[in-house]
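Report on the following structure.
Positions are given from 1, in the same order as the sequence printed here.
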Amino acid sequence: MTNEKAPLILIADDDNSIRSLLKLAIQSKGYQVEEAANGEECLAKYARCQPNIVLLDAVMPVMDGFTCCQRLRSLTSGMQIPILMLTFLDDCESIDQAFQAGATDYLTKPIHWAVLFQRVQRLLSASEALINADAIAIQLGQQQNWEKLVREIIQQLSNFDNSWDIIPTIISKIREFFQVERIVFYQKANQQIVESVASDRPSVKDFPFGKLDLQYHPGQVLAIDNLDRAELSSDAIASLRQANVRSLLIAPIFTQKQLWGLLCAHRCNSDRTWEKLEIERFSDLANLLSLAI
């Protein structure tokens with residue numbers, strides 16, 4: 001039985017017998033396999049299955065492998081996918097054409113099975129390393145942006161006698177960092193609301209935060225990925241829906257064990273799965289702002 005977590009290989013070849021041999025041989029190594037009989041079918045299968053590597057014949061009806069390879073490379077998700085061309089064409093012109101179309105590697109038929117498996121494994125390993133490197137680079141960039149945000153907030157809070165004067169600037173920076181449509185800073189006692197809102201979204205300055213039937217606890221962020229699946233009262237869901245909220249974070253701010261206010265992030269355009277690190281950082285920002293009040 002093929003492991004569902006094993007790499008998925010998409011085979012595109014118009015020769016049924018070769019495609020069947022490739023499928024059986026590749027599955028025997030524990031890989032998952034999807035098949036396509038031409039370039040157009042390959043593009044459709046790629047969009048649906050998002051394979052880890054594509055084995056692509058050069059000469060096929062409807063759409064040849066060279067054109068298909070170019071089309072795959074034009075896709076955002078296909079820019080880094082390994083593409084191994086398998087073909088009977090072994091002339092220099094065809095090989096050059098394959099690499100110009102974006103092929104990662106080139107192997108001629110008849111297939112030497114040991115060489116094929118070595119190439120597939122090497123390409124998969126290189127792709128995985130590239131993906132991991134990209135992920136590390138993204139994480140590093142996010143960490144650098146986070147540290148910059150915290151430094152800026154601390155500096156701005158320390159340079160203003162009245163912290164409320166700088167709050168609008170701070171929450172705008174928070175909204176940019178979290179890439180949400182709305183950030184709200186709410187003070188319970190005075191029912192005061194400061195917000196940063198995307199231009200295509202309504203203000204919530206009249207939103208009844210004080211009447212929202214939610215339970216808050218010190219140090220605990222309320223994270224809701226999808227409002228329709230949230231375990232909230234019908235009144236709370238109706239109020240949030242009226243404010244165009246699809247997913248949200250609410251970090252309560254307590255002073256002397258009393259609820260002072262809230263820091264809220266609203267995603268309006270779509271649901272959002274909040275990562276643990278995002279929730280922790282949002283809580284840290286609420287704590288940081290609490291030092292200035």
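Checked by atom type and distance alone, the side chain of R272 never pairs as donor or acceptor with a backbone atom of L248 at under 3.5 Å. Between the side chain of S74 and the backbone N or O of R71, at least one donor-acceptor pair lies under 3.5 Å. With hydrogens and angles ignored, the 3.5 Å screen pairs no side-chain donor or acceptor of S127 with any backbone N or O of L123. Between the Q118 side chain and the A114 main chain, no donor and acceptor come within less than 3.5 Å of each other. Formation of a donor-acceptor pair under 3.5 Å by the D64 side chain with backbone atoms of M60 is not found in this model. Judged purely by atom type and a 3.5 angstrom limit, D225 uses its side chain to pair as donor or acceptor with the backbone of W274. Looking only at distances, no side-chain donor or acceptor of T67 sits under 3.5 Å from a matching main-chain atom of M63.
Checking V245, L232, L212 one by one against S239, the side-chain contact (heavy atoms from CB on, under 4.5 Å) holds for a single residue, L212. Test R182, H266, E181 against V197 for side-chain contact (heavy atoms from CB on, under 4.5 Å) and you get one pass: R182.
Under the side-chain hydrogen bond (donor to acceptor under 3.5 Å, both in side chains) criterion, S28 pairs with no residue, sequence neighbours left out. Partners of N132 according to the side chain to side chain contact (heavy atoms under 4.5 Å, CB included) rule, which considers only residues two or more places apart in sequence or in another chain, are E128. Judged as a salt bridge (charged side-chain N to carboxylate O under 4.0 Å, His left out), and not counting sequence neighbours, E195 has no contacts. Considering only residues two or more places apart in sequence or on other chains, Q187 meets the side-chain hydrogen bond (donor to acceptor under 3.5 Å, both in side chains) condition with N190.
Annotation: E147, atom CD; neighbour count of heavy atoms from other residues, nucleotides and ligands within 6.0 Å is above 12. More than 12 non-hydrogen atoms from other residues, nucleotides or ligands lie less than 6.0 angstrom from CD of E152. Residue E280 places its CD atom among more than 12 non-hydrogen atoms of other residues, nucleotides or ligands, all under 6.0 Å distant. Summarising the local packing, CG of D206 is surrounded by 12 or fewer heavy atoms from other residues, nucleotides or ligands at distances under 6.0 Å.
For residues 83-109, there are no ring-ring contact (aromatic ring centres under 6.0 Å, His included) pairs, not counting sequence neighbours. Residues in residues 208-234 take part in these ring-ring contact (aromatic ring centres under 6.0 Å, His included) pairs, two or more places apart or across chains: Y186-F209, F207-F209.
A salt bridge is defined here as a Lys NZ or Arg NE, NH1 or NH2 lying under 4.0 Å from an Asp or Glu carboxylate O, and R119 with D105 meets this definition. At a threshold of 4.0 Å, the pair K109-D57 counts as salt-bridged, since one of the basic side-chain nitrogens sits closer than that to a carboxylate oxygen.
Taking the centre of each ring, W146 and F282 stay at or above the 6.0 Å mark.
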